[in-house]
Student: 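Questions regarding the structure given below will be posed in turn.
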Amino acid sequence: MLLSITVNLKDGTSVDIDIAKLLHLGADPEHVETLINKKLSALDDYIADVDFHISVDSVAKVVQPFTDQLLKNL
C-alpha cells in the first residue's frame, strides 16, 4: 500500500524514497522497513516532517470488504 516516503528536512531539502520501486526490484519488505526506520531515527533531529504516499486503490481493496460487511443491514 505504501508507494513512497518523502522526508522533509529542516533546511528545506527533501529526500524521496520510492518504496514501490525497491520492492519491485526484489528488496525484502522487512529489510526495507528496518533500513528506513534506522535512517529516520538517525536523522530525527534534522527531520521537519515525513510524507507517506499510499495507493488509494490498494487501501480500497482492503477496506471495501469490511465496509460492505458493516453496512450490509442498512
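Computed over heavy atoms, backbone and side chain alike; hydrogens, waters and symmetry mates excluded.
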Student: Quick one: do the Ser55 and Asp57 side chains pair a donor with an acceptor below 3.5 Å?
Tutor: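 Checked: Ser55/Asp57 side chains show no N/O donor-acceptor pair below 3.5 Å.
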Student: Return the set of residues passing side chain to side chain contact (heavy atoms under 4.5 Å, CB included) with Ile47 (not counting sequence neighbours), or none when no residue passes.
Tutor: Val7, Leu9, Leu40, Leu43, Val50
Student: Any heavy-atom pair between the side chains of Ile5 and Asp16 that's under 4.5 Å?
Tutor: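 A side-chain contact is absent here, since even the closest heavy-atom pair is not under 4.5 Å.
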Student: What distance do Leu3 atom CG and Phe52 atom CZ have between them, rounded to the nearest 0.5 Å?
Tutor: 13.0 Å
Student: Partners of His31 by side chain to side chain contact (heavy atoms under 4.5 Å, CB included), sequence neighbours excluded?
Tutor: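 Listed in chain order: Asp28, Leu35.
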Student: With a 3.5 Å cut-off and sequence neighbours excluded, list the donor-acceptor pairs that the side chains of residues 61-74 form with protein atoms.
Tutor:
residue, atom, partner, partner atom, Å
Gln64, NE2, Asp68, OD1, 2.6
Thr67, OG1, Val63, O, 3.1

Student: Step by step, work out the side chain to side chain contact (heavy atoms under 4.5 Å, CB included) result for Ile54 and Val59.
Tutor: CA-CA 8 Å; Ile54 62 170; Val59 172; 3.8 Å; yes
Student: Please walk me through it: do His53 and Thr6 pass side chain to side chain contact (heavy atoms under 4.5 Å, CB included)?
Tutor: CA-CA 8 Å; His53 307 273; Thr6 301; 3.0 Å; yes
Student: Among Leu2, Ile17, Leu22, Asn37, which residue meets the side chain to side chain contact (heavy atoms under 4.5 Å, CB included) test with Val32?
Tutor: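 Checked Leu2, Ile17, Leu22, Asn37 against Val32; only one passes side chain to side chain contact (heavy atoms under 4.5 Å, CB included): Leu22.
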